Amino acid sequence: MANTTTDHETIRNWVHERGGVPATVESTADSDEGIGILRIDFPHGGRNDTLSTISWDNFFNKFEESNLAFLHEDKTAGGELSRFCKFIDREQE
């Protein structure tokens, strides 16, 4: 069952519990200093070289600016800790 939140602490805790870090897709940034499409990177699950780790402050600034919500799953159907997540428009929430 998927849950949706915009609460920064809930998002940060969910990501930390799964060993993830806030990231951006490098090729989608507007400029050298810009933040592109947001992702959560799970380095221990196979590093994605197109992602760059960013600070939580930069992550949440872009999250709010883009009017996003965080759709995530706590457990898989088999009861394991799930890493399923994606960002959706808050209007879809």
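In this text, all values refer to a predicted model and were calculated from it rather than measured experimentally.
Classified by interplanar angle (parallel below 30°, tilted 30° to 60°, perpendicular above 60°), the ring pair Phe70/Phe87 is tilted. Using cut-offs of 30° and 60° for the angle between ring planes, the Trp56 and Phe59 rings count as perpendicular.
Side-chain atoms of Ser66 do not come within 3.5 Å of backbone N or O of Leu68 as any donor-acceptor pair. Thr50 places no side-chain N or O within 3.5 Å of a backbone atom of Val25 that could act as its donor or acceptor partner.
Remark: Thr24 OG1 to Lys62 NZ distance equals 7.0 Å, nearest 0.5 Å. A distance of 9.0 Å separates CZ of Arg39 from SG of Cys85, quoted to the nearest 0.5 Å. Phe60 contributes atom CZ, which lies 10.0 Å from atom OG1 of Thr6 (distance to the nearest 0.5 angstrom).
In terms of the side-chain contact (heavy atoms from CB on, under 4.5 Å) criterion, residue partners of Glu9 (sequence neighbours excluded) are, by chain and number, Asp7, Arg12, Asn13. Residues passing the side-chain contact (heavy atoms from CB on, under 4.5 Å) test with Asn67 are Asp89, Arg90, Glu91, sequence neighbours excluded. For the side-chain hydrogen bond (donor to acceptor under 3.5 Å, both in side chains) test, residues two or more places apart in sequence or in another chain that qualify with Ser55 are Asn58.
In terms of heavy-atom proximity, Pro22 sits nearest to Ile40 at CA-CD1, 4.4 Å. Of all the heavy atoms in Asp74 and Arg18, the pair that sits closest is O-NH2, 3.1 Å. Ala23 and Leu51 get closest at one heavy-atom pair: CB-CB, 4.2 Å.
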Please report the C-alpha distance between Trp14 and Thr5 in whole Å, then the side-chain angles of each, then the deciding distance to 0.1 Å, and finally whether the side chain to side chain contact (heavy atoms under 4.5 Å, CB included) criterion is met.
CA-CA 11 Å; Trp14 187 94; Thr5 187; over 6 Å; no

